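One structure below.
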Amino acid sequence: MPALSPFSCLFQNRSEIKNGSILSLSIAPDKEAERLLTALKSGSREVKREALRRLALLAPDLTFAGEVINQDGLEHLGAIIEDGDDLGEVLAHGLRAFSELMEHGVVSWETLSSNLVKKVVSYVNMNLMDASVPQLALGLLESLALSSPPLGQLVKQEVPLERLLVHLQVLNQPLQTKAMALLTALLQNASFAERQAMLDYLGQRNLRQFIYKNIIHSPVPLGDEMAHHLYVLQVLTLGLLEPRMRTPLDPYNQEQREQLQALRQAAFEPDGESQGSGLSADRRRSICAREFRKLGFSNSNPAQDLERAPPGLLALDNMLYFSSHAPSAYSRFVLENSSREDKHECPFARGSIQLTVLLCELLRIGEPCSETAQDFSPMFFGQDNSFQELFCVCIQLLNKTWKEMRATQEDFDKVMQVVREQLTRTLALKPTSLELFRTKVNTLSYSEVLRLRQTERMHQEGTMAPPVLELRERLKPELLGLIRHQRLLRLCEGTLFRKISSRRRQDKAWFCCLSPNYKMLQYGDVEEGAPQPSPESLPDKLPVAEMRALLLGKDCPHVREKGSGKQNKDVCELAFSVSYDAGGKAAYLNFIAPSKREFCLWTDGLSALLGVAMGSEQMRMELEMLLAMETKLRLLELENVPIPDQPPPVPPPPTNYNFCYDCSIAEP
């Protein structure tokens, strides 16, 4: 039987109470709010502390929060925070309650006074024994910075970056996470020039080295929220390259022309200058044009190759970095290809331009931050100038792969496809350092790529002979039933879902599972860090018989409510809802899956409960794998026996039918 929330049994929703439901009686929310707010005015520290603790505990309930706000509870809490008489538990409970009440969105963050904001900032800047106070203050300032640009600017002015670095160096992961959250929020709200200045300062203060040694390689496992903020920091750092990526080369810019000449001189000038002394201007221009072609530019005027954006000037920056920071490797690359036959030389400039485009695509430079993604690359925090250093590794990989494929100019696109696959496979392994990336990507040779392709093809492809296709169709219902059974068992195990608001990531979570008899969805809120609840302890239940439809992506009501301007692509791809009848009206149970795999498992399972076909990518992949495996098992006895595409033809009828033996005739 479902146990209803203490504050949900109001007069206006009594029709939603099911017959036989267990009701938990408690004090009405308005009375409880009045009692707690009266206790806050008490002179006793113990009474005030207990009232604030109770208030923080009940604040997540929207009905209770509304009553507290209506009775000027926010003003009382604001006064406690501004007074700051007690820097221990009283202040911690006050900050937590205030933050929970504001998160409901009933009151705008814009209404907060600058004095209150400055007081909260002071708790971040203090050296307090109780780490929970600066931790809660950092969380409150993060929400404020993301929700109110004017007050976010005030936070940026009042909170020095040096102070955030101090909190990041404390060996307290929750405090580190909140400090990193506020740091990324300030970086996101800053203009491009301000962001660049902030990141330059943080680089001088060795933020990257500290993150790499004490957070990424910490003995404490990295939490989901910290992983998200490291992803955001990586995206914002790489985003500084976007203006160069989108700026084409200007052939009339003297500085850029000198950079092109410096690139040429680094490879050819010792010989060219000794031979070019005393030559005419036309002869010297002819030599320069020939040397630019040897460098791999498609045109005698290299500016024409760099007029495309992206990669724009970023490709030139990468080539210059490679020539100056790895001069021996640069000279070896150019001279080695200059000595090959024309059709077999690997074009350095053309390869560099295309490789820069490829790296920008793989690293998603110029794309906005996702609200939920956590896929940062640890090696980017283990190396200064990480993008340029990665380019230096990849351009040498391109030359190595070119030689392994014995490629010609006509094979350029094929070589780039292989390099893309090499980089994609290696980046997916998330190497922790650039040296480890170099080792792994160099072991992934062209022959190894071909072997992996063949192995994957053998797993994916099956024979297309009609008899085998008919066998597959006969096997499909049984295997679909197997997948359906597995999905329902997975729903019975349950999943922890996170609540995500339009303003920021939340620490709150809720758990949902299917009852063992497949007749009820059971769900309820879960405290952070608590063990997985048992189905019997979950307060809310939704009968499967009352479920009407499954909605995905943009059709979900909680996705539509956020609006297209704020909608994040990743959240949209992981969102699904179940519509059901609630007192004659349509209601929805809304989900945001923690991963693409969980999205597929749950949507398949819910589709099976609703009696509709499962249609996820995961289901199709598993069905294909099971069909291929079962088909091979059934055809083991026919190994090496060719299966015809068409059935054998029926032979023509005999010319006569005088071949019947008469058994009544006795033999002599």
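Starting from 1, each residue takes its place in the sequence as its number. These numbers come from a predicted model, not from an experiment.
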Could you report the tightest heavy-atom contact between [X] and [Y], atom names first, then the distance?
X: C513; Y: E493; value: CB-C, 4.4 Å
X: T63; Y: P29; value: CG2-CG, 4.0 Å
X: C600; Y: Q618; value: CB-CB, 3.5 Å
X: Y518; Y: C492; value: CE2-SG, 3.5 Å
X: S433; Y: Y212; value: CB-OH, 3.7 Å
X: M102; Y: S108; value: CE-O, 3.8 Å

To the nearest 0.5 Å, tell me how far [X] [atom1] sits from [Y] [atom2].
X: D375; Y: S370; atom1: CG; atom2: OG; value: 8.0 Å
X: L230; Y: I215; atom1: CG; atom2: CD1; value: 6.0 Å
X: R484; Y: L479; atom1: CZ; atom2: CG; value: 15.0 Å
X: K48; Y: L36; atom1: NZ; atom2: CG; value: 14.0 Å

From the options I81, L136, L141, select the one residue that forms a side chain to side chain contact (heavy atoms under 4.5 Å, CB included) with Y123.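 Answer after filtering I81, L136, L141: I81.
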Looking at R54 and E50, is there a salt bridge between them, counting it only when a charged N and a carboxylate O are closer than 4.0 Å?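 Result for this pair is no, no salt bridge flagged.
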Check E630 with R472, please: is the shortest side-chain N to carboxylate O separation under 4.0 Å?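 A salt bridge is absent here (no side-chain N lies under 4.0 Å from a carboxylate O).
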For S577, give me all partners under side chain to side chain donor-acceptor pair (under 3.5 Å), at least two apart in sequence or on another chain.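 Partners of S577 by the side chain to side chain donor-acceptor pair (under 3.5 Å) criterion, ordered by chain and then number, come out as H558, N590.
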Going by distance alone, is a donor N or O of one side chain under 3.5 Å from an acceptor N or O of the other, for S143 and E103?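 The criterion, which ignores hydrogens and geometry beyond distance, is satisfied for E103 and S143.
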For the residue pair T495 / W602, report whether a side-chain donor-acceptor contact shorter than 3.5 Å exists.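 Indeed, the side chains of W602 and T495 share at least one donor-acceptor pair under 3.5 Å.
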Salt bridge (charged side-chain N to carboxylate O under 4.0 Å, His left out): pairs with one or both residues in residues 587-604, sequence neighbours excluded: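 Of all non-adjacent pairs touching residues 587-604, those that pass salt bridge (charged side-chain N to carboxylate O under 4.0 Å, His left out) are R487-D604, R490-E598.
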Can you confirm whether F381 sits close enough to F210 that some side-chain heavy atom of one is under 4.5 Å from a side-chain heavy atom of the other?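 Side chain of F381 against side chain of F210, heavy atoms only: no contact under 4.5 Å found.
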Donor-acceptor contact present, side-chain S147 to main-chain L144, <3.5 Å: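 Here the side-chain-to-backbone pair does not exist.
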Could you please spell out the steps behind the ring pair (Phe, Tyr, Trp, His ring centres under 6.0 Å) verdict for F599 and F576? CA-CA 8 Å; F599 173 85; F576 60 97; 5.8 Å; yes
